[in-house]
Amino acid sequence: MSKQVKIRRNTVPQIASRKGGEPIVSLTSYHAHTAAIVDKYADFILVGDSLGMVMHGMESTVGVPLDLMIMHGKAVVRGTEKALIVVDMPFGTYEESPSVAFRNAAKIMKETGCGAVKLEGGKRMAETITFLVERGIPVMAHIGLTPQSSHVMGGFKTQGREEESWKAHEEDARAVSEAGAFSVVLEGMVEPLAAKITKQIDIPTIGIGASADCDGQILVLEDMLGLNEWTPKFVKVYGDLGPAIERAVEQYAEEVKDRSFPGEDEVYR
Ligand code: KIV
């Protein structure tokens, strides 16, 4: 007789309890196939709105619609069984009011089956974070370089280069922690500031272009796989999939053109 053991997904409290403990491993993923691979190693997987740029050729994340996030969120949930799945709330779906944010976050959770949502903003989003958490929606916050505000920030700029600006970032971190976020992404932030914030707040910090001292790290999968021609300076590239795909496509094109492409007898052996 065989006994089926159901593997349970990592939960929000499990991730939150990793503060100051074993570093949290996370990556983005946008579809079922890569998510299934990432699932073996990641504590949580983020369906990031970076998919607008990485998968859909947009210039920024500002144009990403809610339905696209839901479609990719569903695929990632289907492809995984262990990691906590966090789905980004895209620009324009949560800033207006806590009730608009609740309606859209609930839609994301109901339709994708994910375990939490992420939204950008510090102090200004604290009221919304509390509103969502009190109504059953776990929230991961995101401060520092917040790509959805790139038009206001004047581009994708590392935050905290002048020490006078640190106070505002520290206040943002404290505000989202006190509002009930279970963790916070620190993106594009000078190292000593990210390390300082990590010591100051009670929830895990997840760094991206921030500090090795954060409680965890996240990278955009396609960046670290070497799939994008351009990657931010801070990204360590672990693979060379871009050139590998090109080599494969080139070989295929050559075989088709010179008719050395395998015939039926070779393919269906
Ligand atoms: O959208 C995204 O991929 C993100 C990560 C860079 C943290 O927010």
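Remember, it's 1-based here, ligands and their atoms both numbered in the order they're listed.
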Joining Ile, Leu, Val, Met, Phe, Trp and Tyr whenever any side-chain heavy atoms lie under 4.5 Å apart, the cluster holding V25 also takes in none

Name all residues meeting the ring-ring contact (aromatic ring centres under 6.0 Å, His included) criterion together with H56; count only those two or more places apart in sequence or in a different chain, and write none if there are none.
H72

Side-chain H-bond candidate by donor/acceptor type, T198 with T205, under 3.5 Å:
yes

Looking only at side chains, do R103 and T93 share a donor and an acceptor under 3.5 Å apart?
no

Can you list everything that forms a ring-ring contact (aromatic ring centres under 6.0 Å, His included) with Y252? Sequence neighbours excluded, please.
F261

Count the heavy atoms belonging to other residues, nucleotides or ligands that lie under 6.0 Å from NZ of K19, then report whether that count exceeds 12.
yes

Could you pull out the N/O contacts under 3.5 angstrom between ligand 1 and the surrounding protein atoms?
from: ligand 1; atom 1: 1 (O); to: D49; atom 2: N; distance (Å): 3.2
from: ligand 1; atom 1: 1 (O); to: D49; atom 2: OD1; distance (Å): 3.0
from: ligand 1; atom 1: 1 (O); to: S50; atom 2: N; distance (Å): 3.0
from: ligand 1; atom 1: 1 (O); to: S50; atom 2: OG; distance (Å): 3.3
from: ligand 1; atom 1: 1 (O); to: D88; atom 2: OD2; distance (Å): 3.1
from: ligand 1; atom 1: 3 (O); to: S50; atom 2: OG; distance (Å): 2.5
from: ligand 1; atom 1: 8 (O); to: K118; atom 2: NZ; distance (Å): 2.9

